[in-house]
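The block underneath contains the structure these notes are about, expressed in structure tokens.
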Amino acid sequence: MTDTFLDLAPEGRVHRRVYTDPAIFDAEMDRIYGNAWLFVAHESHIAEPGQYVTAHLGERPMIVARHTDGEIYVFANRCTHRGMKVCGARRGSKKRFVCPYHGWAFATDGSLIGIPHGKGYNGKIDQKDPDLALDRAARVDSYRGFVFACKAEDGPSLTDYLGPMTRALDNMIDRAPGGEIEMTGGGFRQRYKGNWKLHMENANDLMHASIVHASSVDAAQAVADDMEDGEEDHALQMFKGNGLPLAMMDEVEIHGFPGGHSYMGGFYKEGPITQATDEDPVVAQYRKSMIDAYGENRAEDIMGWDTFNHLIYPNLILNPKHQQMRLLQPVSVDCTIVHSMCFRLKNAPEEMYRRSVRFLSALNSPASQITTDDIAMFNNIQIALDEADSDWIDLSRGLGHDRPHDNGGEIGAVGTSELPLRAQYAAWRDLMSQ
Ligand code: FES
Ligand SMILES: [Fe+2]
């Protein structure tokens, strides 16, 4: 079977079964999601003992909780009695998790602490039996407040796994004059009828933006044409930004790394969305608070790193400049849930946060005029790949022209190179052949 996996994704092309075969999906959950460090929570949601969020490791539902010992535990949201989900809420605070079916009680580290009417077992059950505790992730670690868990006992440490992508997390956090960011709880969830990889392949695909999103580009341009200079708001700038001519998209830097990670440079060239001008009073106030906190050189370094999407393989997409995050939850071979969230920068003007929320709404909400276009592509690709007309898809744009970069990865010869997709498949081959 291992040879078969490698045959299905040679460099530059992929067999359609990789998106449609439930057995391959199961193998991906085991070999990719079973070995990766996966984001499960932000510490601002679980600062106090008893606070918890629910999350997923691959398809497997989990609870992430701060225990009375101050540590964070990640354990299965599946009762060891007869399999009921122990916790139905997305987040909250509890002294213990009591299963809604027959009342078995679990502590916030997942250990079993109570069985109602336990004498029915005639002394033949031991509450302290570790097999009766909720099954823990093998490893839990956090990077500057971002909590990740890993099902595998062995493998790289979290910082080694993140590698160059720690810079994206650092930059998002350093953009806070107060040195911390806070997840505020809100966000969007959207389910699409397509494979999880379709979304990961889209996020750093500079070739699609002006074509797939033409309708919102054109509508935004028509509105902007009727406006005076300086009247355009962020959403309008975002919609227009996707219409950057392809020759200029080619000027944008695109980076791919071992491990499947990648990022793209920024492609907003004008207007308040670039955050480059002090003519905007919010930006001026923000810049002042950054300089007060970090000094001028360091503040300009942090704010001047102009990038857009950063992909942490296999399922996390960060946008540090706009404080956005997307997390993919694979459900089945042809179904995926996208969780979209944003962050508040401590000690930044409150309007910065409102802009981040507006950005999230315009780009990632189910009513967005941008992401809905992408999701229409994913749904239709999935339908087409299910049919057997032709077996292969092509990922060869830029192949052979990308070159090594001193950041340890490769840089695309042009911004529209499919380098990020090939980086993902290099990681896919590595993990699937283990
Ligand atoms: S299934 Fe949880 S107590 Fe029975
Ligand atoms: Fe898109």
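When a ligand or atom number is given, it counts from 1 through the structure's own listing order.
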Checklist entry - Regarding Gln329 and His339, is there a side-chain donor-to-acceptor distance under 3.5 Å anywhere? => result yes
Checklist entry - Got a sec, which residues hit salt bridge (charged side-chain N to carboxylate O under 4.0 Å, His left out) with Lys151, two or more places apart in sequence or on another chain? => result none
Checklist entry - Think Arg167 forms a cation-pi with Trp305, using NZ or CZ under 6.0 Å from the six-ring centre and within 45 degrees of its axis? => result yes
Next on the checklist: Check for me: within less than 2.8 Å of atom 4 (Fe) of ligand 1, which protein N/O/S atoms show up?
Outcome noted: His81 ND1, His102 ND1
Checklist entry - What residue among Asp374, Asp218, Asn242, Thr372 forms side chain to side chain donor-acceptor pair (under 3.5 Å) with His213? => result Asp374
Checklist entry - Can you name the one residue among Arg96, Arg66, Gln51, His67 that meets side chain to side chain donor-acceptor pair (under 3.5 Å) with Thr108? => result His67
Checklist entry - Under 30°, 30 to 60°, or over 60°: which ring-plane class applies to Trp104 and Tyr121, parallel, tilted or perpendicular? => result perpendicular
Item to check | Partner set under salt bridge (charged side-chain N to carboxylate O under 4.0 Å, His left out) for Arg136, not counting sequence neighbours | outcome: Asp109
Item to check | Side-chain H-bond candidate by donor/acceptor type, Glu48 with Ser93, under 3.5 Å | outcome: no
Next on the checklist: Against the six-membered ring of Tyr101, is Arg82 placed for a cation-pi contact (under 6.0 Å from the centre, within 45° of the normal)?
Outcome noted: yes
Checklist outcome for this item: Checked the Fe ion (ligand 2): protein N, O or S atoms closer than 2.8 Å come out as His208 NE2, His213 NE2, Asp374 OD1, Asp374 OD2
